[in-house]
Structure formats: C-alpha cells, structure tokens
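Sequence lines set the chain letters: A, B, ... in the order given, protein chains first and strands last, and positions in each chain run from 1. Basis for what follows: all heavy atoms, side chains included, without hydrogens, waters or symmetry-related copies.
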Amino acid sequence: MKRVSISPPVAALLLAVILFVLSGLLPNGFGSDINVARAQATNILRLAVFLGVIAAGQTLVIISGGEGIDLSAGSVVTLTAILVYVVVNGSDEKVLLGLLIALAVGAFIGFLNGVGITFLKVSPFVMTLGMSGVVTGAIIVITHGNVTGKVAPIMTRLIARPLLPSLQIPNAIIIWVLFGTLMWLVLERSTFGRNLFAIGANRITARLSGVDVTGMNLLTYSLAGALAGFGGFLLVGNTGVVHLQLGQPFLFPSIAAVAVGGTLLSGGKGSYWGTMAGAIVLTLITSLLTTMQMPDSVRRMVLGGTLLILISIYGRQHALRQ
Amino acid sequence: VKRSRWEALTARQPALFALVLLVLSLVVNFILQPNMFARETLNSNMRVFLPIILMAIGQAIVILGGGIDISVGGIVSIINTVLATRVGLDGSPQEMWKFVFISLSMGLLAGAINGFFIAYLRLQPIITTYATSFLYAGLALFILPNPGGGIPAPIAALYRDSTPLNLPLAFYIIAIFLLIWLYISSMRYGRFLYAVGGKAEAAYETAVPVTMVQFSTYVISGLMAAFSGIAITMLSGSGNGEIGGPMTLNSITAVVIGGNALSGGVGGVTGPVMGAITLGILQNIISFANINTWWETFVKACIIVIALAAPGIVNLFRTRRGIS
C-alpha cells in the first residue's frame, strides 16, 4: 500500500479548517451564519499572531540544532512588554523607542544565552531555563510587583484594529503575514538561512565547509531573543495591560507550535510556515475548549491528548535500523 | 583539542563538581545558621528536600538514557490528589498503605505511557512528555479541582518526625535508592543505559536492546515520581492539584548541576542527588542571608546560572592558559 504523505504545515492547516467547521456545529457555535463564522475565524487568527511571532525565534534556535531550544522566550516576552509599557507611557512619539528597546533587550538576553551555550558549553535547555529565572528575577527587581505605564493609542490602532474600517481584518494579522514572508526570505533565500540549516543538520560538516558555527550560534540566539522582544511589543499593544505572568503561558505552546508544524526538534529541518500553522491549530483548540466552557482540567487533558495525536502522526523520528 | 587536567578529571568524575558545590553551600549555610546540623533542623530540611531528590533520581536515569521527562510534575500531582481524596484525613493506616501501593502502580503506568510513545513510536521526548504532562496535570485537577483533602495525621507525622538513630528518615531512603543504583549500574542494564544514552545507533548495532532500555528509563522515572508524590503528600498532609508543576524544571536543574550531560550517557545518580540537595540549601541560604525580598529570585537564579556555567568557565580559563 502506498503511503499518502502530506507535508506537516498543510496537514496542520487542514486540521485547523476541519476543527473550525466542526466547531460551528456546537450548541453555541456559529451555526450557518457566515458573518459570525468569519468574525470568529478572524479572532482566532488574531490570537494566533502572538503565539506565532513568539514561536518564530523558537523555530530558528530549534532549526539550528545542537539540542537548541529557548526556554527564556516566555520571560523575555514579559520583560519587554513591561519595558514597552513603561517607556511608551501613553505617548505616540515614544512607540518607536519602545520597539527598539524591546528588540535590543531581547537580543541582549539572547546573546547572553548564546555566549553560555557556545563558549561555556552549557546545554541550551538549562542555559535558557536558568536565563528565564534570571529574567523573571530582574522583572521583580525592576517592577517591585507593580507597573505604571500606558500603551500609546497608535499601538492599539496599528496592532489591534483594522487598517480601514471596511477591511475587517485586524492589522496584527497583516503584520503576521508580512512577518511570515520576511521569515521565509530569511530562512530560504539568505546566506543566514542556508548556514542555519547547515549547522542544524551537521555542525562538523558545516564548519568544514566554511560556516562560522560560533558566530551563527550567537546570531541565532540573539535573533531569537529579539523576536521574543518583538512578540512582547505586539502582545502589550494588543492587550493594553501587562502583568508579571504575561509571557510565560506562551513558552511551551511556542515549542509545541514548532513541533506541530513539522520542524524536527533535533534541528536541521523545518519551516516557519509550519510554525504558523502550528500556532493556528494550538490557538484554535485552546479557544474552542474555552468556548465549550470546559473546566480547566478537561481543557488540559484534551490539549495534551491532541498534541500527542498530532505528533504521533508526523513527529516520528527515523527507526534505529537505518 | 588539548584537554586540561581539570577537564579530564571532570570527564572521569562528573559528580566531582557537584560535590564541590554541595560542600561550599553547606559551609555557607552553616555560617549563616549554626544549628543546621542539629537533629531537628537537619530533619526539617531533609524532609523538604526529599521529594525533589527522589524526582531527580528518576530524571537522572531518563537523562542518562538520552531522554528527558517533563511529565514528572504531573505524575506527582496525580499521586498527591489520589492520596488526598481517596484516603482522607480520617482514613485508616491500612487504607493509606493500600493507596501507597496503588500510587506506585499509577506511577509505573504513567511512565509506561511516556515510554511507549517515546521508545516504541519514536516520538521526540521533550514534546511527548510535555503533552503527557498536560494529560497528567489535567487529570490531577480533575480529581481535585480545589486544594483540600488530606491524609491521616499520624502517617504524616511518621514521615515528618521519624529520626531513627538520630538521623533524618530521608537519609535512609536516599541511602536505599543509592544502593539500588549502585547494584543496577554494575549489572548489564547499567552498561546498556550508558550505551543507549551515549549513542543509540551504535548501541543498536552492538545488539543492545535500545527500545527496551529507553522504555525502562521512563517507567523508572514514573515510579520515582510516584515515590516523590507520596513523600510530598506526607510532608504537606493535604492535597493540591498543582503541587507537582513547579518541581519538574527543578529536577532537571538538579540533574545538570549534578554533572549529568543533558545529551545523555554521562554522569550518574549520586551527582543529581547532591545537585538536588544543593538547590534546597541554596534556598535556605537565600532566606537566611537577609537579602531584600525583591532581589531573592534574581540572586537565586544568578547563582544557579553561575553554578551551571562554572565548569565551562573553568575549562575556558584552563584551555586559554594551556595554549599561550
């Protein structure tokens, strides 16, 4: 029997569409009302943007291999969101400054991760886990538990609202599509991307073919930090408020989104389209379970079970006998 | 690449650095808290450390075999909620011991589920145990949505206050598990474990039952998580569906501080036990050192990062000097 093979991003998207259509049949679903359905779909996509952007950095470090993973992403999102909130403090002129600070602080933390991983040979899992603790500690030191600030009106307009009233698509989604295209260019059409896949597949052959593995590692982790910072900026622009646990709930879903999108956690293979699809599926499942008014316990079990099924379908590693 | 003597030493004795850290933290703690070796203080510390030590032992074995187990916290929560709801505050001791036995079987089963997906279906360990951690944590919350319930007070006291021969009960439990580990690691299984963690493909080609060994590490980890869950239930005396969650990442940190490589095949179990104790003592030191409350998390995390990076810093320093 010939095995039918669908690429993981397509499979994840198909699953999202099927789940969404089925959700219409629920008692409080959208039924046959096409307008409500479109509004719901738009809303889910809008929520998926933040997970998708935060998972972009995760995609890069995971593709870079060497057990690459970024467990500090969640706390970096919280820290940068708080910084943006405090720096911008309601004034439109300071938005650009806030964005730059978010990117710079994220990149700096990512750079520290890279230094620990490349020069001190700490494994990425524990290095970024430790860094997550340090950043959480820094957040507490900086804020002393309460934050005063404000989001600028222009941020809300640029992120949460549609560009034109007639368009009905929040800007966040448009930003995400542009962002996705940029990620595709970086991964598939740039020297950086080629080198990234090269070091992910095999570091020794990459080095022998003239790739600067150390530099690539530092750059990848810095870039991942900066992307988490961008995620923090978008997130605070959308929610308009910050709290100390803002980013942490995105951490493991960001890894799950990468895995569901068909990127191998061992590195060297993957795409950002996959991660986008993964982020949509995960957000869809989470919001469906919320609409169905499931208790937290059932929600977690269904999410875990679905994830297990998804990765069982195409997350399998090759057999030892090869 | 020229290896320094220190690097050669830490490669042969991965737990050496953990021992240095442990002694260092004990000395600092002793200076801040002179009565720390008194029977009562020692016991009250060790009974708090024991759950994470037991979890770290299981985690160490999974990591030695080249995997990782993020679901252990969920398993602890399940055991805690089952004991707290099924035995109850006024349950009989017989009932308690019956459920201790059931808990251990549940731990084995949860571990076997992880092992099945990872070893037999060849799924990636991090993401698989992350998924099952949701299953287990959800189940724990399902059993006990709000904190409550409990176990009989005399049984909790048995765990909290037993000090045979003036030594904390925890010492005996740790000694038993370390002896079991010494025995197992000297058997063929021990060599298989290191071979699988070192390089699974090579182990497969030399007729090591790789799948079986991988499966077994998750079963052992599930069992150790169940022991950990029983210990933490006897310590707290009550039920809480979220009790295990924060323990997972601590157990991984303890294993790495203990000198095991996360890539597998390097280290042992003694190091991770010392790593877990060091983490506990670190918390003590921080609360005794009169650090401003706002700075506590930051200082603790910085010390952990430095401890994790220290062997690398030493190596960097040594190799630099060796070259010039």
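Using a 4.5 Å heavy-atom cutoff, the side chains of L141(B) and M301(A) are not in contact. Considering only heavy atoms from C-beta on, F142(B) comes within 4.5 Å of V298(A) through its side chain.
With chain A as the partner, the residue from I304(B), L308(B), I143(B) showing the most heavy-atom pairs under 4.5 Å is L308(B). Looking only at heavy-atom pairs under 4.5 Å with chain B, the residue among T143(A), L265(A), L307(A) that has the most is L265(A). Contact count against chain A (heavy-atom pairs under 4.5 Å) is highest for A301(B) among A203(B), A301(B), A137(B). When each of S133(B), A140(B), S263(B), A307(B) is scored by its heavy-atom pairs under 4.5 Å with chain A, the top score falls to S263(B).
At a 4.5 Å heavy-atom cutoff, the contact between L129(A) and chain B is made by side-chain atoms alone. Contact of V134(A) with chain B is made through backbone and side chain together, with heavy-atom distances under 4.5 Å. Only the side chain of I69(A) comes within contact range of chain B, with at least one heavy atom under 4.5 Å from a heavy atom of that chain. The contact between F117(B) and chain A is made entirely by side chain atoms (from C-beta outward), counting heavy-atom distances below 4.5 Å. Within the 4.5 angstrom heavy-atom criterion, only backbone atoms of M131(A) (N, CA, C, O) approach chain B.
The CZ atom of R299(A) lies 10.5 Å from the CZ atom of F134(B); values are rounded to the nearest 0.5 Å. Here CD1 of I127(B) is found 6.0 Å from CD1 of I311(A). Values are rounded to the nearest 0.5 Å. Considering OG of S123(A) and CD1 of I63(B), their distance stands at 8.5 Å, rounded to 0.5 Å.
The two residues G138(B) and S297(A) make their nearest non-hydrogen contact at O-CB, 3.2 Å. L308(A) and A131(B) get closest at one heavy-atom pair: CD1-CB, 3.8 Å. In plain terms, the two heavy atoms of A309(B) and L120(A) that are nearest each other are CB-CD1, 3.6 Å. In terms of heavy atoms, L123(B) sits closest to S312(A) at CD1-OG, 3.6 Å.
With a 6.0 Å radius and a threshold of 12 heavy atoms from other residues, nucleotides or ligands, F192(B) has its CZ atom above the threshold. Heavy atoms from other residues, nucleotides or ligands lying under 6.0 Å from CD of Q245(A) number 12 at most. At most 12 non-hydrogen atoms from other residues, nucleotides or ligands lie less than 6.0 angstrom from CD1 of I204(A). More than 12 heavy atoms of other residues, nucleotides or ligands shown are found within 6.0 angstrom of CZ on F197(A).
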*Start with the C-alpha distance between I255(A) and Y130(B), add both sets of side-chain angles, then the distance that settles side-chain contact (heavy atoms from CB on, under 4.5 Å), and finish with yes or no.*
CA-CA 10 Å; I255(A) 300 166; Y130(B) 168 61; over 6 Å; no
*Does the pair I252(B) and F125(A) meet the rule for a side-chain contact (heavy atoms from CB on, under 4.5 Å), with working shown?*
CA-CA 9 Å; I252(B) 297 171; F125(A) 191 97; 3.8 Å; yes
*Start with the C-alpha gap between M127(A) and V305(B), add the side-chain angles, then the distance that decides, and say whether side-chain contact (heavy atoms from CB on, under 4.5 Å) holds.*
CA-CA 7 Å; M127(A) 182 66 218; V305(B) 169; 4.2 Å; yes
